[in-house]
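Input: a single structure, listed below in structure tokens.
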There are 2 protein chains.
Amino acid sequence: MGNGAQNYHHGDLRSALIEVATSRLAAHGVDSLSLRKLAEDAGVSRTAPYHHFKDKSALLSAIAAKGFSDWHATAKRIFEQTSKSPRARFREFVHEYVGYAAKHPEMYELMFGRTIWQNQAATPDLKEVAFPCFQFQVTMTRYWQEHGLLPNDKAALRLAQVTWGTLHGIARLLIDGIYADSSHIDEMCDCAADLFMQPR
Amino acid sequence: MGNGAQNYHHGDLRSALIEVATSRLAAHGVDSLSLRKLAEDAGVSRTAPYHHFKDKSALLSAIAAKGFSDWHATAKRIFEQTSKSPRARFREFVHEYVGYAAKHPEMYELMFGRTIWQNQAATPDLKEVAFPCFQFQVTMTRYWQEHGLLPNDKAALRLAQVTWGTLHGIARLLIDGIYADSSHIDEMCDCAADLFMQPR
DNA sequence: AAGGCTATGTTGACACTGTCAAGATAAAAC
DNA sequence: GTTTTATCTTGACAGTGTCAACATAGCCTT
């Protein structure tokens, strides 16, 4: 079976679908993702995807899962730059988070939008990747608390929820284009970072 | 023309559509809003709505506009309770904001979701209502700065964006059910309020 | 090696969706 | 009373997700 030949059996349709979906997502947005178009892009018929994904939501979840593991890696990389001070890393993290959202708006929309999360529609696979991602936020928060960067009199979990909420909110306001001009991204990030960081 | 009769001309289809849409929104969610169903609910044929709204997005915008003016009134009411201290009002505002989102998740989703805002799809009517709503947030922020409640060394606009971002983020995490249990709403709100308010 | 099982792919069909075009009706304007 | 205009109608089209029934081909067992 040649890799690109028009065989009856595709070979690895699952991966192929995720691939074409990811590129289409970045190019034309989450709303343009239709199973039928994706199937066509992958060179198979409309209903072939159903042998690899329970339904459309499951396919989207699979794409989002990849986004989460990517972001998780990025966050880890920033956090583990021991050469930089905790304060510098915190600030960088804030910028990087919002920057990621601004740079990959469609992926971010998919990852954190209601499409795949509402009605407990999230796939176990997705939860398995997304949950550690938030857990890491708690870990970082605890670290920043220990280094006197965030207030120590609050539960790390609570604090992590609020800080993430802030980043998430800024990201959404930018993505949805509600009012925040993207040219002000950096200023907003610095403002948020300053607000959270305790005076040293 | 009797008000409820099956006349050829409905009388006030525009209002009727918004009404049935609003109730259907609260009951079955934003995704269940289809022009055809709404038309049927209103007792007219599929394409009748097009004589009152440019397209589906315009109808949704009209509903959201009502939500914005409602929220604007609520915010005003809280802010103008001169009997309470600024700090108390700030805290109440935070709780009320997230509470509104948790109580009317579908309306909130519509108001702040990407559906009506993406691609500059927002109707002038909508902007006309939504913009003062954010403007008011800036006004409040400035007031809180003057009363030493929020840091004075930051631009009110920037600060307003960040605080709103936080509330928005918390609301979204709750609505999307990503991880925040709704039983922790109050704790999260207090945590956020404490973080922002300068020690007196 | 022969036969059957199973994973994977196919076409056909159904009930939806938003939206346009063309015609019907009633109210309002002249 | 006639014409214009706003409103509502049916018909049609291109999409959508998803199910059912059928086809193919590779794998497993005997």
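Just so you know, these numbers come straight off a predicted model, no measurement behind them. Computed over heavy atoms, backbone and side chain alike; hydrogens, waters and symmetry mates excluded.
Closest to the side chain of Leu13(B), from the set dT10(C), dC8(D), dT19(C), is dC8(D).
Side-chain atoms of Gln145(A) come within 3.5 Å of backbone atoms of Lys154(A) as a donor-acceptor pair (strictly under, hydrogens ignored). No donor-acceptor pair under 3.5 Å is formed between the side chain of Thr123(B) and the backbone N or O of Leu126(B). Of the possible donor and acceptor atoms, one in the side chain of Arg89(A) sits under 3.5 Å from a partner among the backbone N and O of Phe79(A).
One interatomic measurement links the two molecules: CZ of Arg14(B) to P of dA6(D), which rounds to 15 Å at whole-angstrom precision. If you take CD of Glu40(A) and C1' of dT10(C), they are 15 Å apart, rounded to a whole angstrom. Note: NE2 (His52(A)) to C1' (dT18(D)) measures 16 Å, nearest angstrom. Atom CG in Leu35(B) sits roughly 5 Å away from atom P in dG18(C) (whole-Å rounding). Note: CG (Leu59(B)) to C1' (dT17(C)) measures 15 Å, nearest angstrom. The distance from atom NZ of Lys56(B) to atom P of dC16(C) is 15 Å, rounded to the nearest whole Å. For Tyr50(A) and dG12(C), the OH to C1' distance is 15 Å, given to the nearest whole Å. One interatomic measurement links the two molecules: CG of Asp31(A) to P of dT16(D), which rounds to 12 Å at whole-angstrom precision.
Side-chain atoms of Arg36(A) come within donor-acceptor range of the base of dT18(D), with a qualifying N/O pair under 3.5 Å. Between the side chain of Thr47(A) and the base of dT18(D), no donor-acceptor pair of N or O atoms lies under 3.5 Å. Judged by distance alone, with hydrogens and angles left aside, Arg46(A) brings no side-chain donor or acceptor close enough to the base of dG17(D) to form a pair under 3.5 Å.
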Exercise. Between Leu149(A) and Tyr143(A), does a side chain to side chain contact (heavy atoms under 4.5 Å, CB included) hold up when you go through it step by step?
Worked result: CA-CA 9 Å; Leu149(A) 217 144; Tyr143(A) 174 86; over 6 Å; no
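At least one side-chain nitrogen or oxygen of Lys37(B) sits closer than 4.0 Å to the OP1 or OP2 atom of dT17(C).
Looking at heavy-atom distances under 4.0 Å, Ser34(A) makes contact with sugar-phosphate atoms alone, never a base.
In this structure, the separation between NE2 on His168(A) and NE2 on His168(B) is 7.0 Å, given to the nearest 0.5 Å.
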